[in-house]
Amino acid sequence: MSWVVHKFGGTSVAGAERYRNVGELMRREPGARKAVVVSAMSGVTDALLALVDLATRRDPAYEAKLAELLARHVETARALVPSAEAERLAGVFASDGRDVADVLRGVWLGKSSSELTRELVAGYGEIWSAQMLAAHLGTAWLDARTVLTVAPGELGPVVDFEGSTARMRAWVASHAECNLLIVTGYIASTPEGVPTTLKRNGSDFSASIFGALLDASTITIWTDVDGVLSADPRRVPEAVVVDAMSYDEAIELAYFGAKVLHPRTMEPAVARGIPIWIRNTFNASHPGTRIDPKGARSSRSPVKGFSTFDGIALVNLEGTGMIGVPGVAQRLFGALRDVGVSVVLISQASSEHSICFAVPEAQAELAKKTTERAFDPEIRAGHVQRVDLLGACSVLAAVGDEMANAPGVAATFFAALGKAGVNVLAIAQGSSERNISAVVTRAQSTRALRAVHAGFYLSNRVLSVGVVGPGLVGRALLAQLAAQAPVLREESGIDLRVRAIANRKSMLLSETAIDLKSWSLDGGKRSDLDAFADHVQAEHLPHAVIVDCSANDDVAARYETWLRRGIHVVTPNKRAGAGPLARYRAIRALGRTLSRHFLYEATVGAGLPVITTLRDLIQTGDRVERIEGVLSGTLSYVFNAFETGRAFSEVVREAKSLGYTEPDPRDDLSGMDVARKLVILAREMGVEIELAAVEVEGLVPRESEHAKTPDEFLDELAAADAAMARRRDEAAARGEVLRYVGVVDSSGKATVSLRGYPRTHAFARITATDNVIAFTSSRYRAQPLIVQGPGAGPDVTAGGVFADLLRLAAYLGQASLQ
Ligand code: ADP
Ligand code: ASP
Ligand code: MG
């Protein structure tokens, strides 16, 4: 009856509970005969190797550390198996511990450790782990060193399949009744019978070797993630499980650093066509990833996965004397091979002017010296100008069988890197076209990985959104997004993910999109806009935008920093647009030069297309001469109602009770809000004025400026009723109505005042909280261009902000036109 092999990594056996879980899984999994290859408990191999290092350095701490390690095992055994068994195991651990202590004592005395010693000590973790699992399951265990022999080879251990198979068969023959066998991962013997290992993370390799030795029908590698992911999930939170991949894809991905699999795991399986499954011990109901000869087409992307390989140095050999000279590459790589330097990647320009190659950082100096020696005559003769070395690099690789047939893969890959501002130091594409690799600096490697992953796996229109100041407008925006974001994602591929919300006091930060139907800032962190911005600008998402729905200057003061670091800004807050000119210029300049976008349509006329219209006129070459408008929805309402003959103070009181005014109506009546909007419009038409330059006729009587409360103010305002009524009547006598308007012209003159307009004028015909803006330009001279409609209220303002977000999504990837 055929065997199936299961392998449990350190993460799957981190403690007694986890061993029990493994037992449970093995009881449930189908298969007549199971061989379970097990790693050391999580962290144990590292700890054992650290003991050797401590002893080498004559640090006496090694004794206590060894005792600690043994105690951890005894403790786990006691929690896992009945006490008699636990005590038996404790005896085994103690005796092994004495052996280890003896070896370490030798290391201490000799102040040095051989490779042999390290391998011997490192293997105990698996020996202890396998015995605990076997005791728990009440079954046999096999010390792999008694069966598996490997000889050291240039590319790692070489398995003696013939001898090992024979020994395995003999073992099975003498244990015919054994249907559940626990095998130590990682360890093996040399042909001389000396304990050795399959090198770090080698238990995956063990699993596949035992799969071959037992002629297993499948090999399942159990770990702590759902399968092979499209990238290392610790670096790319957006990574997704790959359902199926070919051996070739898995080999390439593992070779370039995907830790989930040891690169050599595939060899024995490939030779026998045994499928390998990667599954999650923490989530056994997930089917995992299947790796087999064919793999499968992916509907998502021709690239199956991305990985990075750190600790790389780049050597660049450059010289005019190499052009057309045959054998240069052979000489170079021959020399490197002779000294045992492993070359990870090669890139040669077709001009043959330079050859660039990547090597492990530990071999960098050796590689440079060897290269210099090999080309010594050329260097002397001046035919080779330079041998440069650049350390602290990483290789970034994209892997997928279908890349060969899919045009544009390289373009997407490099465009993603370019957009993320990653500097590519060298490029190589394997001739199989199954792999594109780029060398980048270590400092940029995570950014690079996230960028390419996003480039292939996320639409370019994924935005990480942060909302500051969820007052009325912010809340309305979030409600609109809650309703509309799913539709946008489905229909236009625009994916607006609100991942952060903050007010003055607290903030809510979430890795994934916040549920906008049920969010709350209660129990959030203390508000900190720097941390907020860091969070919004997630490296794994292609774009970040902060929507400032506050009315605060201190938030506006951060736009420049945000834009500079690549966060777009969308806002209905007038503080930046109408704030100090120098700051405004800096923000706008950033918007132009770096394709960062600063969008503020909702600062004027709420959701009405005011700024957009103005911009369209200017960008199409029109000259705007004058802008005149009713720019305050509140005051629009007030004067529409006042027209009917009511008392001014009464109308203001009504507007306040309807929620149309600011909490203190003086903020509307002062005219400063209109003046700010006028400044924004002026600057947009090219007239760079400061707020102080606007002549404002305020409607707050001087004596009421200092009234204590808004209500007291409203009482006092009655004193102005008679004067206001007189102005209304005088206007009426001229056939006019009063409107509170802002006017700016191309000479820079800007005023905010109460003016009379004939009843036939467009401004006279507005209702409710309408805004109306008239643009006079070279093209619209006789008849101005009019934009009119409701210009106040949270919903329409939020609609304006939302429209800016969509505009932003449309701009992304294009140069800014602002
Ligand atoms: P084990 O102890 O089971 O051998 P490892 O820690 O060696 O587990 O490998 C599993 C880890 O590999 C995962 O937790 C994950 O963080 C990491 N990893 C790196 N790249 C990938 C990838 N492309 N797919 C899945 N996991 C990956
Ligand atoms: N325990 C060994 C290591 O940590 C082998 C493995 O877990 O794969 O390298
Ligand atoms: Mg592993």
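Both ligands and their constituent atoms are indexed starting at 1 by order of listing.
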S.K.: Give a yes or no answer on whether the side chain of S464 reaches the backbone of A544 with a donor-acceptor pair at less than 3.5 Å.
M.R.: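 Here the side-chain-to-backbone pair does not exist.
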S.K.: Would a distance-only check, ignoring hydrogens and angles, find a side-chain to backbone donor-acceptor pair under 3.5 Å from K259 to D232?
M.R.: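 Between the backbone of D232 and the side chain of K259 there is no qualifying donor-acceptor contact (under 3.5 Å).
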S.K.: So, does E249 use its side chain to make a donor-acceptor pair with the main chain of G400 at under 3.5 Å?
M.R.: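 Here the side-chain-to-backbone pair does not exist.
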S.K.: Could you tell me whether F306 and F456 have their ring centroids closer than 6.0 angstrom?
M.R.: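 Judged by ring-centre distance (under 6.0 Å), F306 and F456 do meet the cut-off.
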S.K.: Does the gap between the ring centers of H73 and F93 come in under 6.0 Å?
M.R.: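 Ring centres of F93 and H73 closer than 6.0 Å.
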S.K.: Between S230 and V240 (side chain of the first, backbone of the second, donor and acceptor by atom type, cut-off under 3.5 Å), is there such a pair?
M.R.: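 Between the backbone of V240 and the side chain of S230 there is a qualifying donor-acceptor contact (under 3.5 Å).
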S.K.: I'd like to check W3 versus D215 (side-chain heavy atoms, cut-off strictly below 4.5 Å). Are they in contact?
M.R.: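 SC-SC contact between W3 and D215 ruled out.
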S.K.: Return a table of N or O atom pairs, ligand 1 on one side and protein on the other, at distances under 3.5 Å, rounded to 0.1 Å.
M.R.:
residue  : atom   : partner : partner atom : Å
ligand 1 : 2 (O)  : G10     : N            : 3.1
ligand 1 : 2 (O)  : T11     : N            : 3.2
ligand 1 : 2 (O)  : T11     : OG1          : 3.3
ligand 1 : 3 (O)  : T11     : OG1          : 3.1
ligand 1 : 3 (O)  : T223    : OG1          : 2.8
ligand 1 : 4 (O)  : K7      : NZ           : 3.2
ligand 1 : 6 (O)  : K259    : NZ           : 2.9
ligand 1 : 8 (O)  : T223    : OG1          : 3.2
ligand 1 : 14 (O) : D224    : OD1          : 2.6
ligand 1 : 14 (O) : D224    : OD2          : 3.3
ligand 1 : 16 (O) : R234    : NE           : 3.0
ligand 1 : 23 (N) : L229    : O            : 3.0
ligand 1 : 24 (N) : L229    : N            : 2.8

S.K.: So, the side chain of E29 versus the backbone of M26: is there a donor-acceptor pair under 3.5 Å, distance only?
M.R.: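 Answer holds: no.
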S.K.: Taking the side chain as C-beta and beyond, is there a heavy-atom pair between R18 and T281 under 4.5 Å?
M.R.: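 Contact flag for R18/T281 side chains = yes.
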S.K.: Considering only heavy atoms, which protein residues lie less than 4.0 Å from any atom of ligand 2?
M.R.: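 Protein residues near ligand 2 are S39, T45, E126, Y186, R200, N201, G202, S203.
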